[in-house]
Amino acid sequence: MDELKGRGDTVRDQDDSLNAEWESVTQTLRTNIGEAAFQSWIKPISLRGIDAGILRLSVPTRFMRDWVLAHYHDQLTELWRAGNAGAQEVEVVVQAERGLQPKEQPTASEGSVKSGPDTVAIQDPAPSIHSKSLSASLDKRFTFDQFVVGKPNEFAYAAARRVAEASKRPPFNPLFLYGGVGLGKTHLMHAIAWHIRQSEPKRTVMYLSAEKFMYRFIRALREQTTVDFKEQFRSVDVLMIDDVQFIAGKDATQEEFFHTFNSLVDEGRQIVISADKSPSDLTGMEERLVSRLNCGLVADIHATTYELRLGILQSKGQQMGVDVPPKVLEFLAHKITANVRELEGALNRVVAHSQLVGRDISLEATQDVLHDLLRANDRRVTIEEIQKQVASHFNIRTSDMHSARRARSVARPRQVAMYLAKQLTTRSLPEIGRKFGGRDHTTVMHAVKKVEELREHDSSFAEDVELLRRMLEG
Ligand code: ADP
Ligand code: MG
C-alpha cells in the first residue's frame with residue numbers, strides 16, 4: 001500500500017516539475033521566436049511525458065509536426081538539455097497518428113483535434129481543410145443521385161460527372177460552373193466530392209467557398225503562416241472553390257489564388273470553380289486570372305424551366321415519402337419560378353403544414369400556406385415596369401400612361417397596361433388607378449372589362465396582350 005502511494009506521489013511530483021520545466025523552455029522560446037510564431041507553433045504543443053530520456057510532445061496535425069521539427073526542434077532540444085540533464089532527445093508526434101489513421105493520411109479526424117481555447121488559432125484551419133473527410137462541409141443530400149437533370153442543367157451535370165469519374169488526368173481544367181443563385185452549383189460540386197470520396201478515398205478533395213479561402217489566407221498573413229497555408233492548398237488532388245465572384249476586387253487574395261491555381265494545374269490536379277457569372281463577365285477580376293479560368297470547360301446552368309421544376313418537385317416529394325397531388329406540384333412549378341432553393345422551401349412548407357394540422361395536401365391549403373411567398377413572386381412585376389413595357393410596345397411615351405389624353409392611340413394601350421397590372425400584380429383597383437395619373441377605380445374596372453372583351457373578339461389583339469404578359473413574366 002505504502003509503496004503504491006509513494007509511487008503515485010513521485011509521479012505527480014515528477015509531473016509538476018516536468019510541467020514547470022516545459023513552461024520555462026517554452027517561455028524562453030517565446031522571447032526567441034516572437035509572439036506570432038509562438039502562438040502558431042509552440043502553444044498548440046502538448047506535453048505527453050518523459051520516457052527513457054526522451055521528451056515526448058504531440059501536435060494536432062502532421063503538417064504541424066513537420067513544421068515544428070524543421071524550425072524549432074533544434075532550439076527545443078537545446079533548451080531542454082540545458083535545463084534537464086536527464087533528457088537528451090525531443091520527440092514530436094501527431095495526436096491523430098496514435099489511433100487508426102494510416103501514416104499517409106493523418107487527416108486529423110474530428111476527434112483528434114479538440115480545439116481548446118488555447119489552440120484554436122492553428123488547430124482550426126488545418127484539420128478541416130487538410131482532411132479528406134470533409135463531411136462537416138458536405139451536404140448529404142447533394143449527390144448526383146439526387147440531382148434532377150433537365151435541359152437547363154444537363155451540360156453542367158455531364159461535365160461534373162466527367163470530372164468526378166476521371167481518375168487519371170483532369171478531362172478539363174478548370175471546370176467552371178456558373179449560373180444564378182439557387183440553381184444547383186453547390187449541389188454539383190458536393191456531388192463531385194462525394195463521388196470521389198466513395199470511388200477513390202485516397203484522393204484528397206478540398207471544397208471551400210472563395211470567402212473561406214480569403215478568410216484563411218488573411219489569417220495566414222496575420223499569423224505569418226503563409227507557408228503552411230500554401231502547403232495545405234497545394235497538396236490536394238481536387239480543389240473546389242465555390243462562389244469565386246466573392247474575390248472580385250480583392251487583389252491580394254486573387255494573386256494568391258492565381259498561384260495556387262497554377263501550381264495545381266501544373267501538377268495535373270483537378271480544379272472546379274463556381275461563380276454567378278461567366279469568367280469574362282466577372283468584374284474586378286485580374287485579366288490573367290480570367291484567362292486561366294476560361295482555359296478549361298465553362299458550363300452554364302440556365303434558369304429552370306417548368307418541366308425541370310416539376311421534375312424536381314416530384315423527386316423531392318418522393319424523397320420525403322409524401323403524396324403530393326399532381327395539381328399542387330403543377331401549381332408550385334408554375335408559380336415559384338425564382339430558383340430551386342425557393343421551390344424546395346415552398347414544398348417543405350406545404351408538407352410541414354399538412355403534417356402539422358393532420359390534413360391532406362390540397363391546392364387550397366397550398367395557396368393559403370404560401371400566401372406571402374406567392375405574393376412576393378407576383379410582386380416581382382411592378383406597375384411601372386408594365387407601363388414602360390406596354391408603352392414601348394405600342395410606341396407611345398410612358399408619360400402617356402399618366403396623362404389625361406383620351407385619343408384611342410394612347411387610351412387603348414393604357415387600358416392594356418391597367419389590365420396587365422390587375423393580372424400580374426396583387427394591387428387593388430384603387431391602387432392601380434392611382435398609378436395611372438390618379439384615375440378612379442371604376443376606370444380601371446372598365447379597362448379590364450374592355451380588354452377582356454377585345455381579347456375575345458380580336459385574335460391579333462389577344463396575341464399582343466399575351467406576348468406582353470409573357471415578356472413581363474420573364
Ligand atoms: P447554388 O449553389 O447554385 O446557389 P445550390 O446548389 O445550393 O445552388 O442549390 C439550391 C438548392 O436547390 C439545394 O438544396 C439543391 O439541392 C437544390 N437543387 C438545385 N438544383 C437541383 C436539381 N437539379 N435537382 C435537385 N435539387 C436541386
Ligand atoms: Mg452555392
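Every number for a ligand or one of its atoms is a count from 1 in the order of the listing. As a basis for the values below, the full set of heavy atoms in this structure was taken, side chains included, without hydrogen atoms, waters or symmetry mates.
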Open item on the list: At a threshold of 2.8 Å, where the distance has to be below it, does the Mg ion (ligand 2) have an N, O or S atom of Thr186 nearby?
Closed with: yes
TODO: Hey, can you tell me if Tyr157 and Phe147 have their rings parallel, tilted or perpendicular (30° and 60° cut-offs)?
DONE: parallel
Task: Leu308-ligand 1 polar pair, N/O distance under 3.5 Å - done: no
- [ ] Consider only side-chain N and O atoms of Asp242 and Thr186, and report whether a donor and an acceptor are under 3.5 Å apart.
- [x] yes
Task: 4.5 Å side-chain heavy-atom contact, Met240 and Val205 - done: yes
TODO: Please confirm whether Arg341 comes within less than 3.5 Å of ligand 1 when only nitrogen or oxygen atoms on both sides are compared.
DONE: yes
TODO: Give the residue, atom name and distance (to 0.1 Å) of the protein heavy atom nearest atom 2 (O) of ligand 1.
DONE: Thr186 OG1, 2.7 Å
Task: Side chain, backbone, both or neither: the part of Gln146 lying under 4.0 Å from ligand 1 by heavy atom - done: backbone
Open item on the list: When you compare the side chain of Arg162 with that of Phe172, does any pair of heavy atoms fall below 4.5 Å?
Closed with: yes
TODO: Write out the residue and atom name of the closest protein heavy atom to atom 11 (C) of ligand 1, then the distance separating them to 0.1 Å.
DONE: Glu344 OE1, 3.4 Å
Task: Identity and separation of the nearest protein heavy atom to atom 27 (C) of ligand 1 - done: Val340 CG1, 3.6 Å
- [ ] Working to the nearest 0.5 Å, report the span between CG of Leu467 and NE2 of His393.
- [x] 6.0 Å
TODO: Please write down residue, atom name and distance for the protein heavy atom closest to atom 16 (O) of ligand 1.
DONE: His187 ND1, 2.7 Å
- [ ] Name the closest protein heavy atom to atom 24 (N) of ligand 1, giving the residue it belongs to and the distance to 0.1 Å.
- [x] Val148 N, 2.8 Å
- [ ] Indicate yes or no: at least one non-hydrogen side-chain atom of Trp194 is less than 4.5 angstrom from one of Asp145.
- [x] no
